[in-house]
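Report on the structure given below.
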Amino acid sequence: MTVEPTPDLPEAALADLPKVLVSPPWAEPRRSRPPREIPGLRVPAPQLVSRAGEFERAMALEPDLVEWDPETYWEDSVGDRVHSYRPEWKLTNSLLSQLARGGPRFADEAVEHIKNSPWHGRALIPIRSTPAAAVAAHWFLRLDAGRSAGLDWFDRHGLHAVPLLVPEAFGPKGYQRTTARGALRLLSWRYGPEAVIRGAETHGPEAVEGVTAVLADYPDRPLLNNPSAGSIHAQDELPPVLTADRKAILPPSAVSHLIAVLSQWSPRTPYPAVETVVAACDTASLARFSLALAQRYQFTNWTVGQLARFGGSEAAALIEAHAKKSGARYLAQTGLALETLAAFPVDIGFPVLYRLSRSRMHSSVRELAESQASAVAARAGSEVEPLADRGAPTLGLDDPARLTLDFGPRAFHIRADDRLNLSVVDAAGKTRARPPRPGVRDDAETAAASLSRFRKLAKDLAAEREFQSDRLKDAMLTSRVWRPDEFSHLVAHPVLAPIARGLLWIGETSAGPQGFRLAEDGSFADVNDKPLDLLDDARVRLAHPVLLGPDLPLWTEVFADYQILQPFGQLVRPALTLTVEEARTGVLDRFSGATATFGALKEVLDWKRLHWDELPDWAVRPYSYLFARDLPRAALNAESAAIVGNAHLLAEIDPSPDHDEPDVEGRHRILWVWFSPTKNRRRGVPTLRGDALDPVLVAELLAGLGRATGLHH
């Protein structure tokens with residue numbers, strides 16, 4: 001880490017600095033003494049507060065049972081009390097399902113079951129009650145592993161938490177009082193002290209006076225403990241911070257307090273003293289200090305969050321590297337890093353989050369990054385994939401100045417072909433696959449810098465082409481649809497457009513959906529190589545072979561004639577469809593009786609541990625391992641989605657190994673494979689019609705089972 005030399009400026013006088021940098025609140029006696037207890041405070045009745053569709057999704061959750069009686073299971077599973085441990089349920093899903101069915105009467109019991117388990121915090125979030133508020137405050141303020149879950153609860157309930165916290169803030173137990181008062185200060189930081197005081201009015205004037213006293217004890221007193229960061233002295237390794245008028249630098253004592261102040265701030269805990277510091281200090285030097293602080297202390301929890309207040313693209317790149325390093329091993333720390341990225345400006349933070357969500361990191365990290373990327377996209381009024389298109393880097397291909405290689409007396413122009421391979425053109429119009437070596441008449445230093453830039457661009461383009469090609473392949477497999485403005489952006493983007501020209505698309509025309517390719521001049525050409533006009537409001541998607549019908553061989557010939565090299569194998573994917581009977585019943589009879597190795601089947605299906613509700617006489621264990629695959633609900637057509645909660649692909653094999661990891665080379669006979677609206681394998685449970693599902697998903701499943709069994713229909 002390079003530290004800039006200290007400017008030749010005097011140290012600022014302490015009298016000219018804000019009080020928080022001279023005598024911070026944790027170094028001063030308390031201004032007020034709130035009452036220890038207020039007797040007779042009423043605890044509000046619990047409520048459940050869900051987001052749109054949240055409880056509907058909870059109602060659709062199913063137990064991990066082999067089979068159950070749908071007529072009696074749900075009635076028996078939701079009685080007069082909450083069931084905590086049930087082997088066929090993950091606790092979070094179990095509680096959410098019971099809350100959705102049982103309502104607020106289960107709220108307090110649910111809180112009791114998870115109060116020591118913040119990793120089940122998703123079940124706490126919809127509960128609005130004093131016990132839930134107390135648990136959320138405890139998690140956030142006292143447990144590193146509970147910080148995120150606790151803040152999630154406060155994000156959901158906001159100022160509604162105030163009347164819930166007041167009975168705890170002035171209750172009989174000192175530990176809970178301290179925690180609840182810290183949570184009230186958090187709400188004051190977020191919404192202002194006046195709003196928090198108004199929220200206490202339901203408990204009467206004595207409670208209002210008590211809350212006022214809590215918040216009057218310095219608005220910027222730390223939430224719980226006094227910061228320890230201020231005692232760290234390594235200022236010789238940190239750049240100086242200038243005053244706002246840039247005529248002085250902060251003295252060492254003020255820098256020590258500045259470190260402590262910054263340690264209190266993160267995107268979801270906006271410590272107000274930071275804004276006081278911002279007003280008193282030079283913004284640019286404060287940003288340099290912020291970044292250097294995080295680097296010096298290796299992105300510890302108390303240094304990462306403040307980067308969202310000051311950091312730019314350099315800080316985002318460093319946070320990305322930190323998240324990759326901490327990974328799933330230090331998941332709480334990684335989660336704070338991703339939360340910090342989400343608070344950056346959209347054009348800086350979102351691309352990093354999106355890349356991490358598609359990385360090869362542990363699934364827990366990818367899921368956190370995906371959640372944060374979705375939250376950023378929602379705040380930007382967009383869905384994730386369109387925002388990723390808009391944020392795709394151009395790498396300078398749209399800037400003529402950056403496409404010029406300067407050798408001094410000579411210059412070369414960089415060109416990129418439809419494979420994003422680079423070449424250069426000299427002043428005479430001669431094309432070269434790569435720049436020439438500098439000659440004796442060239443400026444050696446300038447030419448070396450140009451060659452280095454060319455090599456970096458070639459490397460970056462190769463990586464970006466692979467990344468964007470994978471994105472488009474997933475878009476085809478998930479049947480993503482582009483709106484007109486989104487597609488216009490795609491075909492005009494200097495990196496995305498060349499990749500798009502190597503693919504076949506389907507768009508809405510006056511004659512219905514038709515395939516088209518992007519011609520060399522930017523127009524759209526149909527299978528007969530004639531211009532194709534899309535409707536003004538046409539939606540566009542990538543063509544999967546199963547959607548092309550009899551046009552598939554014609555399109556294959558067109559792409560071969562034009563020698564179009566596809567970025568991935570689009571037109572060669574199997575175009576498999578269901579038989580009339582399979583479409584009606586959802587049973588894939590073609591595979592019944594076929595054999596496959598366990599390993600091959602595991603490439604298509606998941607090997608899941610399922611429990612027995614009622615243990616059969618022949619079962620030797622209370623559980624079995626069976627093949628199943630949960631299918632995305634988005635793959636259901638509109639008619640089926642209105643009446644079906646879930647979609648699954650289930651399979652039974654013989655012999656069916658009853659343990660974790662059977663021999664991958666062992667062969668098994670498939671008894672039957674079928675689509676189902678439920679995990680329930682009980683005889684008589686209706687199957688899911690095959691034509692209820694997206695034909696692209698079905699084609700890919702049929703292809704996967706075909707590879708596993710050697711049957712290619």
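Numbers here simply count residues along the sequence, with the first being 1.
The side-chain hydrogen bond (donor to acceptor under 3.5 Å, both in side chains) search around Arg358 returns Asp474, not counting sequence neighbours. Every residue meeting the side-chain hydrogen bond (donor to acceptor under 3.5 Å, both in side chains) condition with Thr394, not counting sequence neighbours, appears here in chain and number order: Asp398. For the side chain to side chain contact (heavy atoms under 4.5 Å, CB included) test, residues two or more places apart in sequence or in another chain that qualify with Glu520 are Arg517, Tyr562. With sequence neighbours left out, the side-chain hydrogen bond (donor to acceptor under 3.5 Å, both in side chains) criterion links Lys602 to Glu661. Partners of Ser640 under the side chain to side chain contact (heavy atoms under 4.5 Å, CB included) rule, at least two apart in sequence or in another chain, are Leu636, Asn637, Ala692. Partners of His157 according to the ring-ring contact (aromatic ring centres under 6.0 Å, His included) rule, which considers only residues two or more places apart in sequence or in another chain, are Trp153. For Ser326, the side chain to side chain contact (heavy atoms under 4.5 Å, CB included) partners two or more places apart in sequence, or in a different chain, are His322, Tyr330, Gln333, Thr334. Judged as a side-chain hydrogen bond (donor to acceptor under 3.5 Å, both in side chains), and not counting sequence neighbours, the contacts of Arg501 are Asp418. Applying the side chain to side chain contact (heavy atoms under 4.5 Å, CB included) test to Gln514 and every residue at least two apart in sequence or in another chain returns Thr509, Ala511, Leu532.
Under the side chain to side chain donor-acceptor pair (under 3.5 Å) criterion, the residue pairs touching residues 543-553 are His544-Glu700, with sequence neighbours excluded. Among residue pairs with one or both ends in residues 374-387, those qualifying as salt bridge (Lys or Arg N to Asp or Glu O under 4.0 Å) are Glu385-Arg471; sequence neighbours excluded. Residue pairs that meet the salt bridge (Lys or Arg N to Asp or Glu O under 4.0 Å) test with at least one member in residues 327-349, sequence neighbours left out, are Arg147-Glu339, Arg268-Glu339.
A heavy-atom distance below 4.5 Å is not found between the side chains of Trp674 and Thr585. For the pair Leu457 and Arg453, the minimum side-chain heavy-atom distance is 4.5 Å or more. Counting only heavy atoms from C-beta outward, the side chains of Glu581 and Arg584 approach each other to under 4.5 Å. You'll find the side chain of Phe344 reaches within 4.5 Å of the side chain of Ile319, heavy atoms only. Looking at Leu477 and Arg573, their side chains come closer than 4.5 Å, going by heavy atoms from C-beta outward. Thr579 is listed as a side-chain neighbour of Arg590, based on a closest heavy-atom distance under 4.5 Å. Between Leu688 and Leu693 there is a side-chain heavy-atom pair separated by less than 4.5 Å. No side-chain heavy atom of Ser469 sits less than 4.5 Å from a side-chain heavy atom of Gln566.
Remark: Ser423 OG to Phe454 CZ distance equals 7.5 Å, nearest 0.5 Å. Here the straight-line distance linking atom CG of Leu504 with atom CZ of Phe516 works out to 8.5 Å at 0.5 Å rounding. Taking CG of Leu554 as the reference point, atom CG of Asp529 lies at 12.5 Å (rounded to 0.5 Å). The distance from the OG1 atom of Thr709 to the CG atom of Leu601 is 8.5 Å, given to the nearest 0.5 Å. One finds the CG atom of Leu461 at 13.0 Å from the NZ atom of Lys459 (value rounded to the nearest 0.5 Å). Taken from CD1 in Ile125 to CG in Leu96, the straight-line distance is 9.0 Å, to the nearest 0.5 Å.
Aromatic rings from Phe524 and Trp505 are positioned such that their centres are separated by 6.0 Å or more.
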Review point. What's the verdict on salt bridge (charged side-chain N to carboxylate O under 4.0 Å, His left out) for Arg390 and Asp485, showing C-alpha distance, side-chain angles and the deciding distance?
Key: CA-CA 11 Å; Arg390 295 199 297 274; Asp485 59 322; over 6 Å; no
Exercise for review: Apply the test salt bridge (charged side-chain N to carboxylate O under 4.0 Å, His left out) to residues Arg419 and Asp417: give CA-CA distance (whole Å), side-chain angles for both, the deciding distance (0.1 Å), then the verdict.
Suggested key: CA-CA 5 Å; Arg419 299 285 291 177; Asp417 63 17; over 6 Å; no
Check your understanding: Going through the checks in order, is the side chain to side chain contact (heavy atoms under 4.5 Å, CB included) test met by Ile127 and Leu48?
Key -> CA-CA 5 Å; Ile127 302 174; Leu48 296 181; 3.9 Å; yes
Review point. Can Leu387 and Val346 be said to form a side chain to side chain contact (heavy atoms under 4.5 Å, CB included), step by step?
Key: CA-CA 9 Å; Leu387 188 57; Val346 173; 4.1 Å; yes
Practice item. Please assess Trp482 against Leu542 for the test side chain to side chain contact (heavy atoms under 4.5 Å, CB included), listing each intermediate value before the final yes or no. Key: CA-CA 9 Å; Trp482 280 259; Leu542 277 161; 4.1 Å; yes
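Not a single donor-acceptor pair under 3.5 Å links the side chain of Arg539 to the backbone N or O of Glu508. Counting only distance, with no hydrogens or angles, the side chain of Arg689 and the backbone of Phe675 share no donor-acceptor pair below 3.5 Å. Here the side chain of Asp526 pairs a donor or acceptor atom with the backbone of Asn528 at under 3.5 angstrom. A side-chain donor-acceptor contact under 3.5 Å links Ser592 to the backbone of Leu671. When atom types are taken as modelled, the side chain of His493 and the backbone of Ala392 share a donor-acceptor pair closer than 3.5 angstrom. Between the Arg633 side chain and the Ala647 main chain, no donor and acceptor come within less than 3.5 Å of each other. Using modelled atom types, one side-chain atom of Gln570 and one backbone atom of Ala543 make a donor-acceptor pair closer than 3.5 Å. The closest donor-acceptor contact from the side chain of Arg465 to the backbone of Ile499 lies at 3.5 Å or more, if one exists at all. Ser371 places no side-chain N or O within 3.5 Å of a backbone atom of Leu368 that could act as its donor or acceptor partner. At distances below 3.5 Å, not a single donor-acceptor pair connects side-chain atoms of Arg366 with backbone N or O atoms of Arg360.
Annotation for Lys473: atom NZ does not count as buried by contact number, only 12 or fewer foreign heavy atoms lying within 6.0 Å.
Using a 4.0 Å cut-off between a side-chain N of Lys or Arg and a carboxylate O of Asp or Glu, Arg51 and Glu54 do not qualify as a salt bridge. Taking a cutoff of 4.0 Å between a charged side-chain nitrogen and a carboxylate oxygen, Glu320 and Lys324 qualify as a salt bridge. A salt bridge links Asp64 with Lys679; the closest basic N to acidic carboxylate O contact falls under 4.0 Å.
There is a side-chain donor-acceptor pair under 3.5 Å between Gln98 and Ser94. A donor atom on one side chain and an acceptor atom on the other are found under 3.5 Å apart for His648 and Glu62.
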